[in-house]
Structures are given as C-alpha cells and as structure tokens.
Amino acid sequence: VQLQASGGGLVQAGGSLRLSCTASGRLFSSYSMGWFRQAPGKEREFVAAIRRSGGTALYPDSVKGRFTISRDNAKNGVHLQMNSLKPEDTAVYYCAAGQYYSLLDHQYAYWGQGTLVTVSS
C-alpha cells in the first residue's frame with residue numbers, strides 16, 4: 001500500500017488543522033492506521049492510532065483531548081483533526097499502515113512521505 005499525506009501548514013497557537021492520508025492499493029480496511037510526528041532533533045513520536053474498523057483509537061497524553069483520528073474505509077482515507085494546537089506540536093507528521101493496532105512505530109510496515117505542521121506562538 002502507498003500512502004500520501006496532506007494538510008500540513010502554518011497555523012497560530014490555538015488554531016486547528018486537519019491532516020489527511022490517502023492510501024492506494026487494495027485492502028486498506030485490513031490495516032490499522034497510525035499517525036506519528038518528528039520534530040527537528042527529536043525522536044519520532046506516536047500521535048494516534050485507529051483500528052481497522054475505526055471503532056477504537058489510541059492517543060498519548062500529549063494530544064489526548066485535542067487530536068482526533070478517524071478513517072473512511074470506503075475512500076481509503078485516514079484523517080487527523082488537530083485542535084488547540086501548541087508550538088510544541090510543530091513537526092513533520094507521518095501516516096502509517098500496519099497489521100497491528102499499536103503505538104510502536106516499528107509495527108507499521110508502510111509510511112507516507114510526511115507533511116509539515118508549524119505552529120507559531
């Protein structure tokens with residue numbers, strides 16, 4: 001499966017952005033999907049994950065209550081709604097697909113190219 005992320009940009013603190021990730025290929029609904037981010041000079045960090053069916057999501061405390069992951073299996077897409085953005089959310093955001101519903105990046109086999117989110121103070 002190939003993944004294409006979009007929706008990044010520059011936003012002021014307190015603002016919102018919606019990231020999208022579109023998958024090509026078959027069997028999108030057979031993959032759990034995740035979002036990760038990497039800020040300059042930092043390790044890649046888990047942001048959100050959603051099950052194949054879309055029923056359950058997982059978030060770290062740093063984004064819980066502000067970010068929402070969703071998916072549309074009919075359109076081969078997964079989205080990340082980001083509200084109340086903070087300067088520390090600035091990073092390149094990556095979508096990923098894998099067999100496991102996980103917060104661990106090594107359990108995702110397929111990765112998109114990343115989209116840059118910059119939050120100004």
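Note that the coordinates shown come from a computational prediction; the quantities given were computed from them, not determined experimentally. Sequence positions, counted from 1, serve as the residue numbers for this chain.
Here the CD atom belonging to Gln12 is positioned 9.5 Å from the OG atom belonging to Ser121, to the nearest 0.5 angstrom. The CD atom of Gln2 lies 12.5 Å from the CG atom of Asn76; values are rounded to the nearest 0.5 Å. Note that CG of Asp89 is 11.0 Å distant from OG1 of Thr118, once rounded to the nearest 0.5 Å. Rounded to the nearest 0.5 angstrom, Ser20 OG and Gln4 CD are separated by 11.0 Å.
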| Hey, mind stepping through Val117 and Met82 against side-chain contact (heavy atoms from CB on, under 4.5 Å) and telling me if it holds? | CA-CA 10 Å; Val117 172; Met82 306 186 295; 3.8 Å; yes

| message | Could you go through Lys64 and Asp61, starting from their C-alpha distance and side-chain angles, then the distance that decides it, and tell me whether this counts as salt bridge (Lys or Arg N to Asp or Glu O under 4.0 Å)? | response | CA-CA 5 Å; Lys64 194 175 295 182; Asp61 287 344; 3.5 Å; yes

| task | Just do the side-chain contact (heavy atoms from CB on, under 4.5 Å) check on Asp105 and Gln38 with the steps written out, would you? | result | CA-CA 12 Å; Asp105 59 0; Gln38 189 166 20; over 6 Å; no

| request: Evaluate side-chain contact (heavy atoms from CB on, under 4.5 Å) for Ser62 paired with Arg37, printing each intermediate quantity in order. | output: CA-CA 12 Å; Ser62 58; Arg37 67 186 181 188; 4.0 Å; yes

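Taking both residues in full, the closest heavy atoms of Thr115 and Gly8 are given as OG1-N, 3.0 Å, listed atom of the first, atom of the second, then distance. Across Ala23 and Val1, no two heavy atoms sit closer than the pair CB-CG2, 3.7 Å. Nearest heavy-atom pair across Cys21 and Leu3 is SG-CB, 3.9 Å. Leu17 approaches Leu85 most closely through the heavy-atom pair N-CD1, 3.8 Å.
Both Tyr93 and Val11 are assigned to one and the same hydrophobic cluster, defined by single-linkage of ILVMFWY side chains at heavy-atom distances under 4.5 Å. Both Trp111 and Leu116 belong to a common hydrophobic cluster when Ile, Leu, Val, Met, Phe, Trp and Tyr are linked at side-chain heavy-atom distances under 4.5 angstrom. When hydrophobic clusters are built by joining Ile, Leu, Val, Met, Phe, Trp and Tyr residues whose side-chain heavy atoms come closer than 4.5 Å, directly or via intermediates, Tyr110 is not grouped with Phe46. The hydrophobic cluster containing Met33 does not contain Tyr94, counting ILVMFWY residues as joined when their side-chain heavy atoms lie under 4.5 angstrom apart, directly or transitively.
Scanning for side-chain contact (heavy atoms from CB on, under 4.5 Å) contacts around Ser16 gives Gln81, Asn83, with sequence neighbours left out.
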Give every donor-acceptor pair under 3.5 Å between a side-chain atom in residues 47-59 and any protein atom, sequence neighbours left out.
from	atom 1	to	atom 2	distance (Å)
Arg52	NE	Ser30	O	2.6
Arg52	NH2	Gln99	O	2.5
Ser53	OG	Gly55	N	3.4
Tyr59	OH	Ile69	N	2.9

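Ring planes of Phe36 and Tyr108: perpendicular class, angle over 60° (limits at 30 and 60°).
Under the 6.0 Å distance and 45° angle rule, Arg71 counts as a cation-pi partner of Phe28.
The local environment of CD in Gln113 is crowded, with over 12 non-hydrogen atoms from other residues, nucleotides or ligands closer than 6.0 Å.
No side-chain donor-acceptor contact under 3.5 Å links Thr22 to the backbone of Gly77.
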